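Report on one structure; see the data block that follows.
Atom set for the values below is all heavy atoms of this structure, side chains included, hydrogens, waters and symmetry mates excluded. Just so it is clear, the model here is predicted, and its values are computed rather than measured.
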Amino acid sequence: MSAVVPGEPALVLVAHGTRSARGVEMIAVLADAVAAELGVAVSAAPNALLRTAFVDVLGPSPSEVLRDLDGPAVVVPAFLASGYHVYQDVPREVAESGHRAVAVTAAMGPDPALTQIMAVRLRAAGWQPGDAVVFAAAGSSDSRARQDVRRAAGMLAEQLGAPVRIGYVATGSPRVPDVVASLRESGSERVFIASYLLAHGLFHQRLHDAGADGVAEPIGVHPGVVGLIVDRYRSAARELIGVH
């Protein structure tokens with residue numbers, strides 16, 4: 001554990017937001033794990049050193065949280081690809097807050113740490129060498145997000161030493177069920193879905209109806225995710241302190 005010391009920036013962990021109780025709980029558990037690693041407490045109190053915010057469905061919004069903070073802050077987008085929320089929503093929220101000492105890190109993915117977690121989750125779901133793999137992502141209309149997904153899928157293929165086909169859950173094509181069906185038609189006896197989703201929710205539920213032999217758990221709370229968020233925060237905090 002590397003504790004935050006007085007005067008360091010606050011960490012604002014920004015997630016999408018979900019109506020799924022399991023998804024909300026997962027973000028809370030993740031925030032607690034990051035806080036424990038940093039030696040701080042998660043709190044909704046003004047000027048707390050670790051706060052959570054959401055860009056959709058839930059509150060508080062990033063701008064609301066930032067307006068509560070007097071000192072510098074590092075915003076870490078808990079997204080697996082840099083799509084609309086990362087390129088549009090988060091900067092807009094920062095601007096609307098009026099806060100002048102904010103650093104925004106890159107999205108969490110793609111990253112080798114996430115690749116390793118996905119491989120572990122896939123094997124736990126029953127995947128074995130020789131089984132087909134569908135890399136299931138939420139999808140985005142943003143070409144940069146799709147490029148991130150392609151990079152992440154390539155990293156997983158390299159990690160597994162096996163081909164990986166991309167399928168989308170909500171936006172874009174091909175959709176996951178179509179990819180599963182295509183693999184069946186091409187002779188794959190067993191097909192498994194690797195979930196490139198952070199938390200349980202509607203999107204992950206849909207994967208269980210896609211016709212695969214097994215569905216890996218979402219990336220979720222894992223020491224690798226916690227370490228990734230802490231590393232993002234530390235790098236941005238050093239730059240922010242150096243500027244302000």
Side-chain angles (χ1 to χ4, degrees), residues 1-17 24-114 117 144-145 148 198-199 219-244:
M1 181 179 75
S2 54
V4 168
V5 298
E8 285 194 299
L11 191 165
V12 181
L13 184 65
V14 178
H16 182 276
V24 173
E25 180 184 9
M26 179 264 159
I27 295 300
V29 173
L30 177 59
D32 284 340
V34 172
E37 181 66 19
L38 291 172
V40 302
V42 181
S43 173
N47 291 314
L49 286 175
L50 196 151
R51 298 282 301 273
T52 56
F54 302 92
V55 296
D56 198 7
V57 182
L58 304 174
S61 67
S63 61
E64 289 171 332
V65 170
L66 289 170
R67 281 193 288 266
D68 273 346
L69 300 173
D70 293 331
V74 173
V75 173
V76 180
F79 293 91
L80 302 179
S82 296
Y84 182 85
H85 294 304
V86 174
Y87 288 119
Q88 302 294 329
D89 284 340
V90 171
R92 174 179 51 77
E93 291 279 348
V94 171
E96 289 179 357
S97 75
H99 201 302
R100 297 185 177 181
V102 180
V104 180
T105 75
M108 288 170 48
D111 191 273
L114 302 179
I117 297 167
R144 294 166 294 188
D148 281 352
L198 186 60
I219 289 170
V221 178
H222 184 280
V225 174
V226 174
L228 183 57
I229 292 171
V230 169
D231 287 346
R232 292 275 194 273
Y233 165 77
R234 286 295 185 199
S235 296
R238 284 193 294 269
E239 295 182 11
L240 192 60
I241 291 171
V243 171
H244 294 279

> Got a sec, which residues hit ring pair (Phe, Tyr, Trp, His ring centres under 6.0 Å) with His85, two or more places apart in sequence or on another chain?
Replying inline: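 Listed in chain order: His16, Phe79.
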Tell me every residue that passes side-chain contact (heavy atoms from CB on, under 4.5 Å) with [X], counting only those two or more places apart in sequence or in another chain.
| X | result |
| --- | --- |
| Val104 | Val75, Pro77, Val90, Val94, Val102 |
| Ala199 | Met26 |
| Ile229 | Leu11, Leu13, Leu30, Val34, Val76, Met108, Val225 |
| Ala236 | Val74, Ala103, Thr105 |

In Å and rounded to the nearest 0.5 Å, what is the [atom1] to [atom2] distance from [X] to [Y]?
| X | Y | atom1 | atom2 | value |
| --- | --- | --- | --- | --- |
| His99 | Ser63 | NE2 | OG | 12.0 Å |
| Ile219 | Ile117 | CD1 | CD1 | 6.5 Å |
| Leu69 | Arg51 | CG | CZ | 6.0 Å |

Least distance between heavy atoms, [X] atom then [Y] atom:
| X | Y | value |
| --- | --- | --- |
| Ala78 | Leu198 | O-CD2, 3.6 Å |
| Ser97 | Arg67 | O-CG, 3.3 Å |
| Ala73 | Leu240 | O-CD2, 3.4 Å |
| Ala81 | Val86 | O-CG2, 3.9 Å |
| Tyr233 | Ala10 | CE1-O, 3.9 Å |
| Ile27 | Ala15 | CD1-CB, 3.9 Å |

>> Once salt bridge (charged side-chain N to carboxylate O under 4.0 Å, His left out) is applied, do any residues pair with Glu64, and if so which ones, sequence neighbours excluded?
In response: none
> Who are the salt bridge (charged side-chain N to carboxylate O under 4.0 Å, His left out) partners of Arg144, not counting sequence neighbours?
Replying inline: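 Here the qualifying residues are Asp142.
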> Are His222 and Leu114 close enough, and set up right, to give a side-chain contact (heavy atoms from CB on, under 4.5 Å), and what steps lead you there?
Replying inline: CA-CA 9 Å; His222 184 280; Leu114 302 179; over 6 Å; no
> Can you name the residues that form a side chain to side chain donor-acceptor pair (under 3.5 Å) with Ser82, not counting sequence neighbours?
Replying inline: none
>> Please enumerate all residues that pass side chain to side chain donor-acceptor pair (under 3.5 Å) together with Arg92, with sequence neighbours excluded.
In response: Asp89
> Above 12 or not: heavy atoms from other molecules or residues under 6.0 Å from CD of Glu25?
Replying inline: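 No - once you tally the heavy atoms of other residues, nucleotides and ligands closer than 6.0 Å, there are 12 at most.
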> Do any pairs count as a ring-ring contact (aromatic ring centres under 6.0 Å, His included) and have a residue in residues 55-74, sequence neighbours left out, and if so which ones?
Replying inline: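 Not a single pair qualifies under ring-ring contact (aromatic ring centres under 6.0 Å, His included).
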> Any salt bridge (charged side-chain N to carboxylate O under 4.0 Å, His left out) pairs touching residues 78-87, not counting sequence neighbours?
Replying inline: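 Salt bridge (charged side-chain N to carboxylate O under 4.0 Å, His left out) check on residues 78-87 returns no pairs.
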> Between the main-chain N or O of Pro72 and the side-chain N or O of Arg100, is there a donor-acceptor pair closer than 3.5 Å?
Replying inline: no
